[in-house]
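Start at 1 and go down the list; that is how both ligands and their atoms are numbered. Counting from 1, the numbers follow the sequence of the chain as shown. The figures here come from the full heavy-atom set of this structure, side chains too, leaving out hydrogens, waters and symmetry mates.
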Amino acid sequence: MTNEQMTSSETESTTDQPAPTPGTDSLADRGDAEGETTTDRTILEARDLSVYYGEEQALDDVDIEIPEKQVTAIIGPSGCGKSTFLRCINRMNDLVDSARVDGELLFDGKNVYDEDVDPVALRRKIGMVFQSPNPFPKSIRDNVAYGLKVQGKDDDVDEKVRTALERAALLEEVEGQLDSSGLELSGGQQQRLCIARAIAPDPDVILMDEPASALDPVATSKIEDLIEDLAEEYTVIIVTHNMQQAARISDKTAVFLTGGELVEFDNTDKIFENPEHERVEDYITGKFG
Ligand SMILES: Nc1ncnc2c1ncn2[C@@H]1O[C@H](COP(=O)(O)OP(=O)(O)OP(=O)(O)O)[C@@H](O)[C@H]1O
């Protein structure tokens, strides 16, 4: 299958690694000196970011600076704009006709909504993992190799596939069966396969939209351990309904409340132990939401 033959639904709705567009890679190779360690350097920044679906406002003037190589959790009640915010970051909302974005979303200082930014190239640097595991009906190897091949990075594919599977804490379990279908794996393994697929092309940021909500407690715990490990190399932003999960695995937590307002963003310990805003405390303690 050529890049052109891949349908937009395959590249855009099911995976994190759409096909590249040559010559539009202005965001692709910024920063990241080798051996860089965890810092509070900002990798993503929203400035006055508002999103509307038709007349309805889903995000209201959001300002946030997200540090690189840490786990940032996005929490808040249903409908407060968590997924909308996540999908703004790699322009997945471009796929929604009624969506309109105001303000800026800076990735390494460059507004991803600038006219010269190619959303497909952007999504190679900012991968995404969805709520339900969605491997392709292909072999384990081909699932992971997918993003590499569409980028033309087809040297040392086997080694890169193994590295990605290892980073996704799946290699040991699938050793010797890389040619079996990804669909034959358990739900938790499928989700780790999707994570391997997302990280194979070496993105800077991984967005996760409730990645463990369809999994049992054991599989969830493996994904949580994995997320913490991934933050040594990648910036991870995770939407979760599970406050204990946010408290367990994130370094920073952003609390969105009704109306798409970002009410508080701080170190996770501070948010859960001593939030500044009463509304946040009420939400954390289960008084509403
Ligand atoms: N494609 C869309 N078209 C129209 N309105 C939408 C669309 N997606 C989301 N919305 C609306 O935008 C608001 C925010 O939705 P969003 O899915 O971002 O919230 P959320 O906090 O992620 O919710 P949940 O926790 O239930 O997944 C909601 O009012 C929702 O109905």
Original post:
Counting heavy atoms only, which of Gly259, Ala58, Ser83, Cys80 is nearest atom 22 (O) of ligand 1?
Top reply: Ser83
**OP:** Closest by any non-hydrogen atom to atom 20 (P) of ligand 1: pick that one out of Gln131, Gln57, Lys82.
**Re:** Lys82
Check [Y] with [X], please: is the shortest side-chain N to carboxylate O separation under 4.0 Å?
X      : Y      : result
Lys222 : Asp216 : no
Lys82  : Asp209 : no
Lys110 : Asp116 : yes

Between [X] and ligand 1, which part of the residue brings a heavy atom under 4.0 Å of the ligand: side chain, backbone, both or neither?
X     : answer
Val96 : side chain
Ala99 : neither
Glu56 : side chain

Of all the non-hydrogen atoms in the protein, which one sits nearest to [atom], and at what distance?
atom                    : value
atom 9 (C) of ligand 1  : Tyr53 CE1, 3.5 Å
atom 19 (O) of ligand 1 : Gly81 N, 3.2 Å
atom 26 (O) of ligand 1 : Ser78 OG, 2.5 Å
atom 16 (P) of ligand 1 : Thr84 OG1, 3.6 Å
atom 14 (C) of ligand 1 : Gly79 O, 3.4 Å

Subject >> In one Ile/Leu/Val/Met/Phe/Trp/Tyr side-chain cluster, 4.5 Å: Phe85, Tyr52 >> reply: no
**OP:** Check whether Leu106 and Val101 end up in the same hydrophobic cluster, where Ile, Leu, Val, Met, Phe, Trp and Tyr are linked by side-chain heavy atoms less than 4.5 Å apart.
**Re:** no
Original post:
Quick one: is the NZ or CZ of Arg197 closer than 6.0 Å to the six-membered ring centre of Phe136, and within 45° of its axis?
Top reply: yes
Original post:
Contact between Arg87 and ligand 1, counting heavy atoms under 4.0 Å?
Top reply: no
Original post:
What are the atoms of ligand 1, with element, lying closer than 4.0 Å to any heavy atom of Pro77?
Top reply: 21 (O)
Original post:
Is there a donor-acceptor pair under 3.5 Å between the side chain of Lys270 and the backbone N or O of Asn274?
Top reply: yes
Original post:
Val144 versus Val157: any side-chain heavy-atom pair under 4.5 Å?
Top reply: no
